Amino acid sequence: MPINNQRDVQTPINMNALYQQLLDAVDVGIHVINKNGETIIYNKKMMEIESMGSEDVLEKNLLDVFKFRDSQSSTLVQALTTGKSTKNTKQTYFNYKGKEITTINNSFPIIENGTITGAVEIARDVTQLEHVIKENVLNKQNTNFTFDKIIGHSEPMLTVIDEAKRATRTTSSVMVAGETGTGKELFAQSIHNGSARSSAPFISQNCAAIPDNLMESLLFGTKKGAFTGATDRPGLFEQADGGTLLLDEINSLDPSLQAKLLRVIQEKSIRRIGDLKDKKVDVRIITTINEDPIDAISSGHLRKDLFYRLSVVSLFVPPLRERKGDIDLLTKHFIEKYNKLFKMDVKGISSEARQILHEHDWPGNVRELEHTIEGAMNLILDEDSITVRNLPTKFRKKYQQNADKLPSSLLNLSGEGVENRPLKEKMAEAEKFYIQQALIENKNNISHTAKKLGISRQSLQYRMRKFGL
């Protein structure tokens with residue numbers, strides 16, 4: 001359609017609407033106050049940074065909505081009261097809900113006819129980056145796990161522990177694969193603490209927890225002036241120099257960053273964002289992945305060339321359903337842990353509750369078991385052990401469903417109306433029934449049923465012949 005240049009038929013532009021669209025389109029926070037300190041402009045990005053709605057801030061005094069150490073620590077208030085501008089100033093404060101916020105600010109006064117009539121602040125959010133840096137400082141100080149603290153005596157667990165111990169002798173990259181909740185970071189810490197690098201830094205970072213635009217500067221560091229608010233700051237590689245860097249959930253890292261990570265591994269040097277020089281680093285890299293590496297490569301979550309570099313040593317931590325022989329050990333450990341924490345004196349767990357734990361498949365693995373024990377101990381009143389009624393609802397329901405299936409002869413322990421028989425016979429009947437149910441649930445698959453029962457194929461086949469199944 002041709003443009004009509006006749007002014008009398010043009011639709012006038014709503015300048016207020018245009019200004020609002022422009023304010024909301026920019027990727028920095030903009031906050032403007034009048035001479036009384038009341039907010040008159042508050043754009044969409046600023047709402048996101050401060051987790052506030054416009055109705056919470058507009059036409060309200062800045063110091064009534066946000067908490068600063070004192071009024072002068074607000075760069076906006078400083079600009080309003082002193083008439084001076086501040087550039088690239090870091091500021092940490094709290095909104096009225098108590099959320100901590102950290103920003104890099106450029107603030108300046110609004111001056112009309114020589115009089116200060118307000119102030120403007122342009123802010124860039126670095127809250128998440130600051131939290132990550134604090135967490136990494138804590139990670140340096142709290143690398144406590146060693147191999148003797150890993151709980152498990154089942155064959156699959158002993159095998160992976162032995163392989164991990166061998167990896168302490170070298171500086172090769174290690175990839176630890178396993179489902180969520182299996183304890184992959186325990187192996188990473190144990191490898192570091194068992195190696196010659198144990199006295200050097202151990203830095204851990206979850207790749208899924210940080211946005212891509214922050215992850216690059218976090219990994220490689222920044223040079224002052226690289227972007228607004230950038231300072232000379234070492235990245236994780238520099239912080240871990242001489243020690244170990246754990247990259248958790250490496251399959252969550254953006255492919256473009258995976259390419260840069262590959263370059264660092266190959267050249268053993270990093271370049272800070274905004275810098276022109278490379279810096280040599282000596283870092284052992286351990287990564288974890290919560291899916292099968294081959295599946296991650298096929299789905300595009302992990303570059304094949306990076307996988308080969310990171311998996312010089314590959315460890316596969318078994319899920320709890322494949323090491324059910326460790327459930328009793330783990331249960332005991334968690335009871336002791338929460339006895340100390342809750343100042344309780346729980347002695348153990350009943351045989352019925354223990355059986356339920358052994359029957360569960362544990363999709364959340366060891367972490368789920370820990371949460372189950374913690375939850376059960378919260379429900380204990382006068383008991384000295386965990387019973388079925390203390391377990392979470394899903395376990396109690398499953399127990400009731402199984403009880404409804406049991407033959408009455410097994411439930412009637414009083415013997416009334418039932419021929420009294422020796423314990424050995426009743427135990428045999430219970431064992432036969434349990435094996436029958438397991439076979440039904442696993443569609444008569446011998447291997448699956450044996451795994452479910454925690455016994456060998458040969459042992460299961462012997463019992464099937466014994467009971468005529």
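None of these values were measured; they are calculated from a predicted model.
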Quick check: do [X] and [Y] have side-chain heavy atoms less than 4.5 Å from each other?
X: Leu245; Y: Phe237; result: yes
X: Thr182; Y: Leu320; result: no
X: Lys332; Y: Ile335; result: no
X: Glu352; Y: Thr387; result: no
X: Ser173; Y: Arg309; result: no
X: Met52; Y: Tyr96; result: yes
X: Glu155; Y: Arg323; result: no
X: Gln205; Y: Leu246; result: no

- [ ] Please state whether the rings of His192 and Phe202 are parallel, tilted or perpendicular, taking 30° and 60° as the class boundaries.
- [x]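 Ring orientation, 0 to 90° scale: tilted.
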SB check [X] [Y] (cutoff 4.0 Å):
X: Lys260; Y: Asp254; value: no
X: Asp27; Y: Lys44; value: no
X: Asp162; Y: Arg166; value: yes
X: Arg321; Y: Glu368; value: no

Task: Lys340 atom NZ, over 12 foreign heavy atoms within 6.0 Å - done: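 No, the 6.0 Å shell around NZ holds no more than 12 heavy atoms from other groups.
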- [ ] Step through the shown structure and confirm whether more than 12 heavy atoms of other residues, nucleotides or ligands are within 6.0 Å of NE2 on His448.
- [x]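 12 or below, so no.
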At what distance, to the nearest 0.5 angstrom, does [atom1] of [X] lie from [atom2] of [Y]?
X: Leu62; Y: Glu121; atom1: CG; atom2: CD; result: 8.0 Å
X: Glu100; Y: Ser51; atom1: CD; atom2: OG; result: 12.0 Å
X: Thr92; Y: Ile101; atom1: OG1; atom2: CD1; result: 9.5 Å
X: Asn365; Y: Leu330; atom1: CG; atom2: CG; result: 10.5 Å
X: Asn390; Y: Ser385; atom1: CG; atom2: OG; result: 8.0 Å

Task: Test log, rule side chain to side chain contact (heavy atoms under 4.5 Å, CB included), inputs Leu261 and Leu253 - done: CA-CA 10 Å; Leu261 179 59; Leu253 193 65; 4.1 Å; yes
TODO: For a salt bridge (charged side-chain N to carboxylate O under 4.0 Å, His left out) with Glu238, tell me which candidate from Arg233, Arg272, Lys280 qualifies.
DONE: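 Looking at Arg233, Arg272, Lys280, the match for Glu238 under the salt bridge (charged side-chain N to carboxylate O under 4.0 Å, His left out) is Arg272.
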Between [X] and [Y]: side-chain donor-acceptor atoms closer than 3.5 Å:
X: Asn43; Y: His31; value: no
X: Asn290; Y: Asn251; value: yes
X: Asn95; Y: Glu50; value: no

Please check: side-chain N/O of [X] versus main-chain N/O of [Y], any donor-acceptor pairing under 3.5 Å?
X: Asn442; Y: Asn445; result: no
X: Ser311; Y: Ser314; result: no
X: Arg389; Y: Arg396; result: no
X: Gln91; Y: Thr75; result: yes
X: Asp241; Y: Val283; result: no
X: Ser74; Y: Val77; result: yes
X: Asp275; Y: Arg271; result: no
X: Asn378; Y: Glu374; result: yes
X: Glu249; Y: Cys207; result: no
X: Asn105; Y: Ser107; result: no

- [ ] Apply side chain to side chain donor-acceptor pair (under 3.5 Å) to the pair Tyr42 and Glu55, showing each step before the final yes or no.
- [x] CA-CA 10 Å; Tyr42 192 66; Glu55 69 280 1; over 6 Å; no
Residue pair [X] / [Y]: nearest heavy atoms and the distance that separates them:
X: Ala167; Y: Ile191; value: O-CG2, 4.4 Å
X: Ala353; Y: Ile349; value: CB-CG1, 3.6 Å
X: Ile41; Y: Leu58; value: N-CD2, 4.1 Å
X: Lys184; Y: Val176; value: CD-O, 3.5 Å
X: Met46; Y: Gly29; value: SD-CA, 3.4 Å

Task: Check against side chain to side chain donor-acceptor pair (under 3.5 Å), Ser198 and Asn193 - done: CA-CA 4 Å; Ser198 59; Asn193 287 328; 5.9 Å; no
Open item on the list: His358 vs Asp328, test: side chain to side chain donor-acceptor pair (under 3.5 Å). Steps then yes/no.
Closed with: CA-CA 9 Å; His358 277 266; Asp328 291 340; 2.9 Å; yes
- [ ] Check step by step if side chain to side chain contact (heavy atoms under 4.5 Å, CB included) holds for Val160 and Lys165.
- [x] CA-CA 9 Å; Val160 71; Lys165 285 181 177 178; over 6 Å; no
Open item on the list: Please evaluate residues Thr146 and Gln189 with respect to the criterion side chain to side chain contact (heavy atoms under 4.5 Å, CB included), reporting the C-alpha separation (whole Å), side-chain torsions for both, the decisive distance (0.1 Å), and the verdict.
Closed with: CA-CA 7 Å; Thr146 52; Gln189 288 191 24; over 6 Å; no
Task: Pair Ile250-Leu310, side chain to side chain contact (heavy atoms under 4.5 Å, CB included): steps then yes or no - done: CA-CA 10 Å; Ile250 188 66; Leu310 295 177; 4.0 Å; yes
TODO: Please lay out, stage by stage, how Arg367 and Glu370 fare under the test salt bridge (charged side-chain N to carboxylate O under 4.0 Å, His left out).
DONE: CA-CA 5 Å; Arg367 188 177 299 154; Glu370 179 175 3; over 6 Å; no
- [ ] Might you work through the salt bridge (charged side-chain N to carboxylate O under 4.0 Å, His left out) test for Asp384 and Lys347, ending with a clear yes or no?
- [x] CA-CA 6 Å; Asp384 62 358; Lys347 305 296 185 184; over 6 Å; no
- [ ] Take Asp278 and Lys268 through the salt bridge (charged side-chain N to carboxylate O under 4.0 Å, His left out) test and state the conclusion after the steps.
- [x] CA-CA 10 Å; Asp278 290 344; Lys268 300 186 185 309; over 6 Å; no
